[in-house]
Amino acid sequence: MKSSDYIINFFVDRGVGTIFGYIGGMITHLVDSADKNPNVRFVQTYHEQSAAMAAEGYAIESGKLGVAMSTSGPGATNMITGIADAYFDSIPVVYITGQVNSYEYKYDKPIRQQGFQETDIVAMVRPITKYAVLVDHIDDLRYELEKAVYIANSGRKGPVVIDLPMNIQRQEIDPETMRSFEAPFHDTTFQFDIRETEESLCKAERPMLLLGGGCQHPIVMAELDKFIQTTQIPVVTSLMGRGVIDETYPHYVGMVGSYGNRCANMAIANVDVLLVLGSRLDTRQTGTMIDSFLPNAKIIHVDIDNNELECHRINRQIKIHAEVFDFLQVLNKSNIQTGDFISWKEYLKYLKINYNQDKEIERFVENKMPYHCMNYINRMMKEGDIVTTDVGQNQMWAAQTIQLKKGQKYLTSGGLAPMGYAMPSAIGCAFANPSKTVYSITGDGGFHMAIQSLPLMSQYGLNIKLCVLNNGALGMITQFQHLYFDNRLAGTVPAGGYMAPNIKVLAEAYGMKYFLVDKNNINNEELYSQIESTQTCLIEMKMEGLTTVCPKLEYNKPISMPIPLLDEDEYKRAMDIKICFGLS
Ligand SMILES: Cc1ncc(C[n+]2csc(CCOP(=O)(O)OP(=O)(O)O)c2C)c(N)n1
């Protein structure tokens, strides 16, 4: 059997139905094998970065492994941003890079390059992968493939890179006789103790769950649901935790963090016990003033990655090294008896009524168009639909305002946050599950950066509504420049050298059905119905004037005090549960 045929079959056997990639000399054997195999589809993307990120979207939506491949040298380096993204956000993807024949490879010679397009991709990606290996002996092929897949999927998931010289791809092999990898035996159930959690939650008067990306798995979500239904405990999520619970849950307060909902950030600052599940509690959630982050509360931090716990900036939390699923299972079995937190829930209701996102927009946002556009999308979305967002103001408008219905997935890049993520990740989702509609939300800058993804949407008629929020600026940075650079807008607006592309013309050039939503027609019902019934389309949502994200946390401010600041009296009153209820 030809080894490239074996490799493709290997992934098919693991449930992979679509492989994304970009052809080139050094990967042609594998692309040819994928093309010949009736059980897998090879999607030729128009840039390796699109392939790398589409594989992430595919992995998240399918729950299986994502696979992307590229040629050596420039193909491999073009995948790096996607690889880094998968690493920081823990997405299991196998990236295969072609390499020059092993007999042409320079190895340790003190020269820059020996073969054409030779690049030491393994060394480059080592810090952004769980495992990266050059397979230059055919006898190792089966072992390394099995090992790589095991590593990608075990513990805290993440990407692996397999670098395959051409001569390895084209050899004849008998896989049965090749050495295989045996997963190391270790007891996968972590040793952890839930007694302190139990006790703390039972005694708590103002408890809260903070849910992060580590809860994004159906079996974890089912255990979570059980726990929440039994305890009726209030919940906030991080950006990466959006979608892990049905957000119509009455005690869901919102998203916390630098751009979190004001009510959620005020609520979390008032807890006495915070149970953090599957979230790194990074600076975006705690703010930069670590000492002012819940100084008097008990924080119980559950994470699958012990390094995250051990190296954490806040060192006063109770650290529990466990898989969230195992932890919740044990907690659910313990039949925990919590209080009913009546006054706490009343207080949270008060915060939710007075400081929800709609109130925020009404009170503080001058240019409301971006938020109207989010509500346009909210109205259209149905249970089970998928949302992918880009990076920038568009990402935060969505995070603050998109209302997730049952079974909706929400994909956003939390760690690396590269512009150009929303479109390829949507493509990966659409291939993984053609029956779902994907709302891909991006800005004009991110759209331009990922323009190579656009033809794939129309070429395959993917079930994607691409919403380009065009504010004619790199809005997120403009807002930053207004705050910290005296309104000097270098590189972010036309006067500073940034030009948004003509989105309509680009849509037409790539064969996409185009719609324009602006302030004049946003209430036009006929247009709304046309958009709703068009499967593959680009919707340019046009904003005029300056756009802002609100609320937003400034550096060195506690998370309960995002800008615009509330009037001091109002803030004091709202932050004090006793004053709020006239108890002191
Ligand atoms: C690849 C990459 N380059 C630069 C940045 C820095 N950056 C973050 S947001 C942003 C502006 C995004 O502008 P746009 O896509 O138009 O979205 P908006 O903020 O206007 O919604 C920039 C330049 C980044 N995150 N990723």
Side-chain angles (χ1 to χ4, degrees), residues 47-50 52-53 56 77-89 128 239 257-259 282-284 365 367-374 376-377 387-402 411-426 439-454 466-485 488-503 506 517 538-550 552-553:
H47 193 294
E48 290 83 357
Q49 183 169 311
S50 313
M53 292 181 181
E56 290 185 81
T77 53
N78 269 352
M79 287 214 291
I80 285 181
T81 305
I83 296 172
D85 190 72
Y87 185 64
F88 296 121
D89 285 353
I128 50 164
L239 176 67
S258 310
Y259 293 93
D282 80 324
T283 329
R284 285 235 159 172
V365 180
N367 184 352
K368 297 185 173 42
M369 185 61 183
Y371 290 102
H372 292 326
C373 291
M374 290 298 128
Y376 200 85
I377 298 170
V387 183
T388 70
T389 80
D390 214 72
V391 172
Q393 289 186 322
N394 61 87
Q395 180 183 32
M396 296 309 160
W397 293 323
Q400 293 173 338
T401 323
I402 288 293
L411 278 68
T412 196
S413 172
L416 186 72
M419 288 165 71
Y421 172 81
M423 291 162 67
S425 58
Y439 289 81
S440 180
I441 300 172
T442 187
D444 44 278
F447 165 74
H448 211 184
M449 220 177 245
I451 194 79
Q452 324 85 358
S453 299
L454 195 55
L466 173 61
C467 310
V468 184
L469 292 148
N470 183 5
N471 54 3
L474 300 176
M476 176 64 93
I477 307 299
T478 308
Q479 193 168 352
F480 189 68
Q481 289 166 322
H482 281 302
L483 273 175
Y484 303 109
F485 292 86
R488 292 188 303 279
L489 303 179
T492 60
V493 295
Y498 169 77
M499 291 295 292
N502 185 326
I503 292 165
L506 284 172
V517 172
L538 186 159
I539 310 147
E540 177 176 2
M541 299 180 143
K542 188 126 182 120
M543 352 244 118
E544 280 161 30
L546 190 69
T547 54
T548 51
V549 180
C550 191
K552 170 182 165 67
L553 189 65

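Quick note: numbers below take in every heavy atom, side chains included, and nothing from hydrogens, waters or symmetry partners. Order of listing sets the numbers, starting from 1, for every ligand and every atom in it.
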Query raised in the report: Side chains of M53 and S413: closer than 4.5 Å at any heavy-atom pair?
Result: no
In this structure, CE of M449 is separated from CG of L474 (nearest 0.5 Å) by 8.0 Å
Self-check item: Q400 and M374, any side-chain heavy atoms less than 4.5 Å apart
Solution: no
>> So I128 and L416, do their side chains get closer than 4.5 Å, heavy atoms only?
In response: no
The atoms of ligand 1 lying under 4.0 Å from a heavy atom of M476, numbered in the order shown, are 9 (S), 19 (O)
Logged contact type for Q395 with ligand 1, heavy-atom cut-off 4.0 Å, is neither
Atom 2 (C) of ligand 1 sits nearest the protein heavy atom M419 N, 3.7 Å
Angle between ring planes, F480 versus F485, binned at 30° and 60°: parallel, tilted or perpendicular? tilted
Item to complete: For side-chain contact (heavy atoms from CB on, under 4.5 Å), just list the numbers for F447 and L454, CA-CA rounded to whole Å, side-chain angles, deciding distance to a tenth of an Å, and then say yes or no.
Response: CA-CA 9 Å; F447 165 74; L454 195 55; 3.9 Å; yes
G392 heavy atoms within 4.0 Å reach ligand 1 at atoms 9 (S), 19 (O)
Q: Taking the side chain as every heavy atom from C-beta outward, state whether Q395 and V549 have any pair of such atoms under 4.5 Å apart.
A: no
Using distance alone, decide if ligand 1 has a nitrogen or oxygen within less than 3.5 Å of any nitrogen or oxygen in N394.
yes
Only one of N394, N367, N471 passes side chain to side chain donor-acceptor pair (under 3.5 Å) with T547, and that residue is N471
Note: ligand 1 atoms sitting under 4.0 Å from heavy atoms of M449 are 1 (C)
Under 4.0 Å from one or more heavy atoms of D444, ligand 1 contributes atoms 16 (O)
So for N471 against ligand 1, with non-hydrogen atoms under 4.0 Å, the contacting part is side chain
query = Strictly under 4.0 Å, does any heavy atom of I477 approach an atom of ligand 1?
reply = yes
Counting from 1 in the order shown, the ligand 1 atoms closer than 4.0 Å to a non-hydrogen atom of G475 are 13 (O), 18 (P), 19 (O), 20 (O)
Looking only at protein heavy atoms, what sits closest to atom 11 (C) of ligand 1 is L474 CB, 3.7 Å
Min over G472, G445, A450, A500 of heavy-atom distance to atom 14 (P) of ligand 1 lands on G445
One finds that the ligand 1 atoms under 4.0 Å from a non-hydrogen atom of A417 are 24 (C), 25 (N), 26 (N)
Quick note on ligand 1: atoms under 4.0 Å from a heavy atom of V391 include exactly 12 (C), 25 (N)
ask   = Under the 3.5 angstrom rule, does the side chain of D390 hit a backbone N or O of G420 as a donor-acceptor pair?
value = yes
Is the closest N or O pair between A473 and ligand 1 shorter than 3.5 Å? yes
Near P418 (heavy-atom distance under 4.0 Å), the atoms of ligand 1 are 26 (N)
Given 3.5 Å as the limit, does a donor-acceptor pair link the side chain of E540 with the main chain of N470, or not? no
Point to revise | Any N or O of Q393 closer than 3.5 Å to N or O of ligand 1 | key: yes
ask   = Are any of the N/O atoms in G446 less than 3.5 Å from those in ligand 1?
value = yes
Exercise for the section: Give a yes/no on ligand 1: does H448 have at least one heavy atom closer than 4.0 angstrom to it? Expected result: no
Run I441 and I402 through side-chain contact (heavy atoms from CB on, under 4.5 Å) and show every step you take. CA-CA 11 Å; I441 300 172; I402 288 293; 4.2 Å; yes
Q.
Using only atom types and a distance under 3.5 Å, with no angle test, would you say the side chain of S258 pairs donor to acceptor with the backbone of L553?
A. no
